[in-house]
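Notes for the one structure printed next.
Counting starts at 1 for both ligands and their atoms, following the listed order. The structure presented is a predicted model; accordingly, all values stated were derived computationally and were not measured.
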Amino acid sequence: MPASSPPTVRGRCDYTASMNLTFYGAAGEVTGSCYLLQTDRARVLIDFGMHQGGREEYQRNFHPLPFPGSSLNCVLLTHAHIDHVGRMPLLPGMAFGGPIYATEATCDLAGIMLRDSARLQVSDAERINRRLAQEGRPAISPLYTVEDAERVLTLFKPVRYGNSVDVAPGVRARWFDAGHMLGSASIEITVTEKGKTTVLVMSGDIGHKGSAILRDPQAPPRADHIVMESTYGDRDHRSMDETVDQFTSLVKEAVWDKEKVIVPAFAVGRCQQLIYHLHKMRHTERVPVFPVYVDSPMAAKAFQVYRQHQELYDQEATSATRPGHGIFDLEGLEIIESADESRRLNGSFGAGVIIAPSGMCTGGRILHHLKHNLWRKGVHILIVGFQAANTIGRRLVEGADAVRIMGTTVVVRAKVHTLNGFSAHGGRSELLDWADAIKPAGNAQPRFILTHGETTPRQALAKSIQDRFRTQAKLPKWGDVIELD
Ligand SMILES: [Zn+2]
């Protein structure tokens, strides 16, 4: 798996004459978030996420960053999704000794994500090595191990939303709730050098208003530069009410027809929101009790973290939480931890919902459920999140007649539904409104840099920004350096 040759670094990455930002991921794509902020006196890394998608994208995780970890003062983390946190276990091996600042819930969730990711890296490498041994070829090393993940987790330092923290010489940071997953944040970074103050806002992933459990995104108050995600920069989602209505009628139809609903979903975040909606549906609609399986040991741990951080719930989730009865206490819910129990679900049964990761069908138990069910008429496949290019999820959304799953071609006879309204990302109007709430830090209008979006949505958002704010957004590529003076 180590890559043959690293990608070309297009910009300079080793000068510190002025304040600048270098893009080491999520530049023209939606995964691999990683940005290096350099000032006269400090070097700060923001996020260090995994590249995801197909084999080519995954290989890029093996490309070393062109500087030693020991040159960094700290790492700032926006949230615990693997495309923002997934390369963190490489840091100790790069001679980085910490600290890594993140909200408390992000620290907790990152522990779950990174341990799981490390186990996956090791088991994937073992599987590949069995094949290589048969072919008489040398073994490969995993991207990182569970020990690497444990080492990096000791470097995490929890911060509170709204508190200003001195993170490096001349650099202060504040975290604002981004409403995207529990603990998610946009980070306001204030740099003071030579008597001049510059405010940089890193949006992280901006949530979708009205998302279950979470508060709506809160924009930092001011900025000179805004680095903003653009995942859905070319479209708006349906409203949450409309989406919940669609979800309810689909589940009711499947229960009535005694059919399965299979939902690929992230074990952390989306899964909890779907259970919240099913729980609410049970109380507001006359739907009989039906089995709901969450097929993921990681999701079981995530439920614990969500229960521990009720202080982060929005008003609706707070008022739905009562002593002895929480928002996830759904009748009929079974969380499947063992592989044997998971396999039991492959046999046919009547009505029921199976929620399993990975959310983009790039691996995990969802592949088994798709393999055993995609070819069955009557089964519903429900796509509730963004599907990156070159994933099985994207092919299903695009209406493929058949897909390759674990070496087998499976025809698609199940009904595939896409409910983008459950997206954890804001749509175009929400992104623009979020940015509109940020006032200029100095005399000039904030300048925009767009990341975390494929080409079409990123360009579309740049056009919308031009129309609304009369300013031209920058669209950096991998390795580009943007001056922030
Ligand atoms: Zn995210």
Side-chain angles (χ1 to χ4, degrees), residues 25-27 29-35 46-53 57 61 75-88 100 102-103 105-114 116-117 161 175-187 201-209 211-219 227-233 237 264-274 298-299 302 305-306 309 312 357-360 362 383-389 391 393 420-427 430-431 434 450-454 457-458 461:
E29 60 192 331
V30 294
T31 67
S33 282
C34 180
Y35 315 107
I46 299 120
D47 288 348
F48 195 17
M50 189 171 285
H51 293 287
Q52 294 172 294
E57 286 84 359
N61 296 307
V75 177
L76 311 181
L77 189 52
T78 61
H79 65 289
H81 276 148
I82 209 72
D83 60 319
H84 292 256
V85 75
R87 281 187 283 167
M88 291 273 177
I100 298 165
T103 66
T106 294
C107 293
D108 292 344
L109 292 173
I112 297 174
M113 305 295 265
L114 294 182
D116 181 77
S117 174
Y161 284 120
W175 280 252
F176 291 82
D177 196 336
H180 168 72
M181 80 181 302
L182 202 74
S184 66
S186 303
I187 309 178
V201 163
M202 307 296 297
S203 76
D205 287 357
I206 300 169
H208 179 31
K209 271 187 187 168
S211 287
I213 309 167
L214 303 174
R215 296 181 198 137
D216 286 344
Q218 184 194 5
V227 176
M228 186 159 96
E229 68 123 321
S230 56
T231 315
Y232 285 104
H237 304 309
F266 291 125
V268 179
R270 190 68 45 76
C271 181
Q272 286 69 33
Q273 291 181 319
L274 290 170
M298 182 158 70
V305 175
Y306 269 71
H309 287 285
L312 301 179
S358 75
M360 296 196 290
T362 50
I383 305 286
V384 291
F386 185 82
Q387 306 297 315
T391 59
N420 276 337
F422 277 141
S423 172
H425 290 266
E430 291 173 88
L431 295 176
W434 178 89
L450 300 185
T451 58
H452 202 288
E454 292 173 1
R458 191 159 76 139
L461 189 63

What are the protein N/O/S atoms, named by residue and atom, that sit under 2.8 Å from the Zn ion (ligand 1)? His79 NE2, His81 ND1, His180 NE2, Asp205 OD2

Main-chain N/O of Ser186 paired to Ser203 side chain as donor or acceptor, under 3.5 Å: no

Main-chain N/O of Thr451 paired with Arg458 side-chain donor or acceptor, under 3.5 Å: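 Checking the backbone N and O of Thr451 against the side chain of Arg458, no donor-acceptor pair under 3.5 Å is found.
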
Derivation and outcome, salt bridge (Lys or Arg N to Asp or Glu O under 4.0 Å), residues Arg215 and Asp177: CA-CA 8 Å; Arg215 296 181 198 137; Asp177 196 336; 3.7 Å; yes

May I ask you to check whether Tyr232 and His237 place their ring centres under 6.0 Å from each other?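 Centroid distance His237-Tyr232: below 6.0 Å, so yes.
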
Kindly say whether the aromatic ring centers of His180 and His81 come within a distance under 6.0 Å.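 Ring-ring flag for His180/His81: true, centres closer than 6.0 Å.
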
For Glu57, the salt bridge (Lys or Arg N to Asp or Glu O under 4.0 Å) test, sequence neighbours excluded, returns none

